[in-house]
Amino acid sequence: MRVCVIGTGYVGLVTGACLAYVGHHVICVDNNEEKVKIMKSGQSPIYEPGLPEIMQESTKAGRLEFTSDIAAGIAHGDILFIAVGTPALPNGESDTRYVEAVARGIGAHLDGNYKVIVNKSTVPIGSGDWVRMIVLDGIAERQKTKSGNASSTAGEETAEKIKADFDVVSNPEFLREGSAVYDTFNPDRIVLGSNSEKAIQIMKELYAPIVERKFAEDPSLPPVPVVVTDLSSAEMIKYAANAFLATKISFINEIANICDRVGADVTQVALGMGLDSRIGTKFLNAGIGWGGSCFPKDVSALIHTAKDYGYESQLLKAVVEVNKKQRSIAIEKLQHELKILKGKTIGLLGLTFKPDTDDLRDAPSLDIIEELNRLGAKVKAYDPIVSQTGLRHGLSGVLVETDAERLADGCDALLLVTEWQQFRNLDYSKMAKLMNHPVIIDGRNFLDRDALRKAGFRYVGIGRA
Ligand code: UDX
Ligand code: UDX
């Protein structure tokens, strides 16, 4: 099938590349020329395991192309994905201006052939109809220009034809950064929201190779469940899923804070709780809390939408508050160990919001650096990706070291912020000797406590009193 994906960020690029890999012909459009140049050269502008290989193979097979020309992308695609970012505004509301620009652009370039317009971006509930309206506005603007330029009848006929010839589908993504390629080929479910039977059929055909598990790790599993519903319910499913996962993490963090006070170990508690199949063991890792490009903005946007409709979401507000507090708990633990932080040097192990990504959006490290600086501490950091790529977007007040031993040198304490796999195997005995005080706060309960103690560290976890 012929697909156009507009917006090649963490979601759009993975979606486009994977759909090409399973056999569709995909054109990815981005208005950032620099990015397009990088992708055309076979490189991925983001760090995502497995993505460059998928991109290169699909490009070689002639099924994946990149352009900044939105008109060419729209002319090519029978299915047009909108996958531009929807960041949070300062008041928590979702910033939909990029979605609007793309929808208007689609309206301006529709050619009369039937198109399915797919909202992949996480958009506020009700946006499906709104996108439809903006596309129609785009068509009307074009028609106005046309009828101003030539005889109006021809323009009106075109507008009539185009108006009837597209449907909007909400198809939320559930990709985790760092395993987005795996998640695309092995989804738990696919959600399709639309009031058009025709559009739903086309989307089912598009996803058939994935639903039938032709590219799955275990092809013998039953087909992927496809949830077909209305537009608003599909949009709500995305918010509800992310809000629930964020709630699960804030819940276990609250339990961790109580564990710290009563002398229980939250890792044991999470295991004992999670083995109840009604609860499940996933997303029960206590630590310095959730960040990233999705949970913070999606939970805020849901609170904001609820408020717009006259409902105060007390539970979700508490989920956000617990998460905010969790970032300062690491600092309280540093104060407890070192007393005065002014003039001390703190080394952060990891900077990104989670491992296997280069993404720093709403990373707990950013707040921790700011607060440590405010308290007069010097902050250094080592992150396997940020240190290597030199990406520093949003980072200030921190000296980025090139390896873990340089990081440890002269530090008064280490704080593990991101659970990169390689942090399990560092030479901690050597690092302890390079430090002023061999103290480590394990902000993700990730390291081997006994091994660290043997290496000479004082080990402090979260909720592991
Ligand atoms: C996506 C979104 O779809 C968001 O709603 C969802 O919640 C998370 O995933 P993400 O992939 O993280 O966002 O976005 P980002 O990495 O910011 O990429 C957006 C891309 O769109 C960028 O490459 C940007 O250059 C491009 N863009 C933006 C356009 O091509 N046109 C525009 O008008 C605006
Ligand atoms: C999330 C959702 O999982 C995905 O379905 C959605 O579409 C996009 O947002 P992502 O933000 O990439 O994915 O990562 P995720 O693995 O969900 O982690 C989010 C944050 O929660 C990270 O900061 C992570 O460190 C934190 N987390 C996760 C915990 O603190 N504890 C856990 O048990 C799990």
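Asn186 contributes a side-chain N or O that, together with a main-chain N or O of Glu217, makes up a donor-acceptor pair within less than 3.5 Å. Between the Glu48 side chain and the Ala180 main chain, a donor and an acceptor come within less than 3.5 Å of each other.
Applying the side-chain hydrogen bond (donor to acceptor under 3.5 Å, both in side chains) test to Glu321 and every residue at least two apart in sequence or in another chain returns nothing.
Salt-bridge formation is not detected for the pair Lys60/Glu57: no Lys NZ or Arg NE/NH1/NH2 atom is positioned less than 4.0 Å from an Asp or Glu carboxylate oxygen. Checked for salt-bridge contact, Lys333 and Asp442 miss the test: no charged N lies under 4.0 Å from a carboxylate O.
Interatomic distance, Cys28 SG to Leu64 CG, rounded to the nearest 0.5 Å: 5.0 Å. Note: Glu401 CD to Leu348 CG = 11.5 Å, rounded to the nearest 0.5 Å. Atom-to-atom distance recorded for Ile249:CD1 and Glu254:CD is 14.0 Å, nearest 0.5 angstrom. Atoms CD1 and CD1, on Ile288 and Ile331 in that order, are 9.5 Å from each other to the nearest 0.5 Å. The distance from atom CG of Leu284 to atom NZ of Lys248, rounded to the nearest 0.5 Å, is 4.5 Å.
Inter-residue side-chain proximity for Asn445 and Glu419 is flagged as unmet; no heavy-atom pair is nearer than 4.5 Å. Under the 4.5 Å side-chain criterion, counting only non-hydrogen atoms from C-beta, Val228 is in contact with Lys204. Side-chain contact check for Glu312 versus Lys307: some heavy-atom pair is nearer than 4.5 Å.
Tyr10 does not carry Arg176 over the face of its six-membered ring by the limits of under 6.0 Å from the centre and within 45° of the normal. A cation-pi geometry, defined here as NZ or CZ lying under 6.0 Å from the six-membered ring centre and within 45° of its normal, holds between Arg424 and Phe446.
Other residues, nucleotides and ligands contribute more than 12 heavy atoms inside 6.0 Å of the CD atom of Gln422. Taking a 6.0 Å sphere around CZ of Phe251, one finds it holds 12 or fewer heavy atoms contributed by other residues, nucleotides or ligands.
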Table please: side-chain donor-acceptor pairs of residues 38-47 below 3.5 Å, with sequence neighbours left out.
residue : atom : partner : partner atom : Å
Ser41   : OG   : Ile38   : O            : 2.7
Ser44   : OG   : Ile46   : N            : 3.2
Ser44   : OG   : Ile46   : O            : 2.6

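Taking the six-membered ring for Trp and the full ring otherwise, the centers of Phe244 and Phe283 sit at least 6.0 Å from each other.
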Chi angles and distances behind the side-chain contact (heavy atoms from CB on, under 4.5 Å) call for Ile6, Ile70: CA-CA 8 Å; Ile6 306 167; Ile70 191 167; 4.1 Å; yes
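The salt bridge (charged side-chain N to carboxylate O under 4.0 Å, His left out) contacts involving residues 89-108 comprise Asp95-Arg97, Glu100-Arg104, Arg104-Glu141, where partners must be two or more places apart or lie in separate chains.
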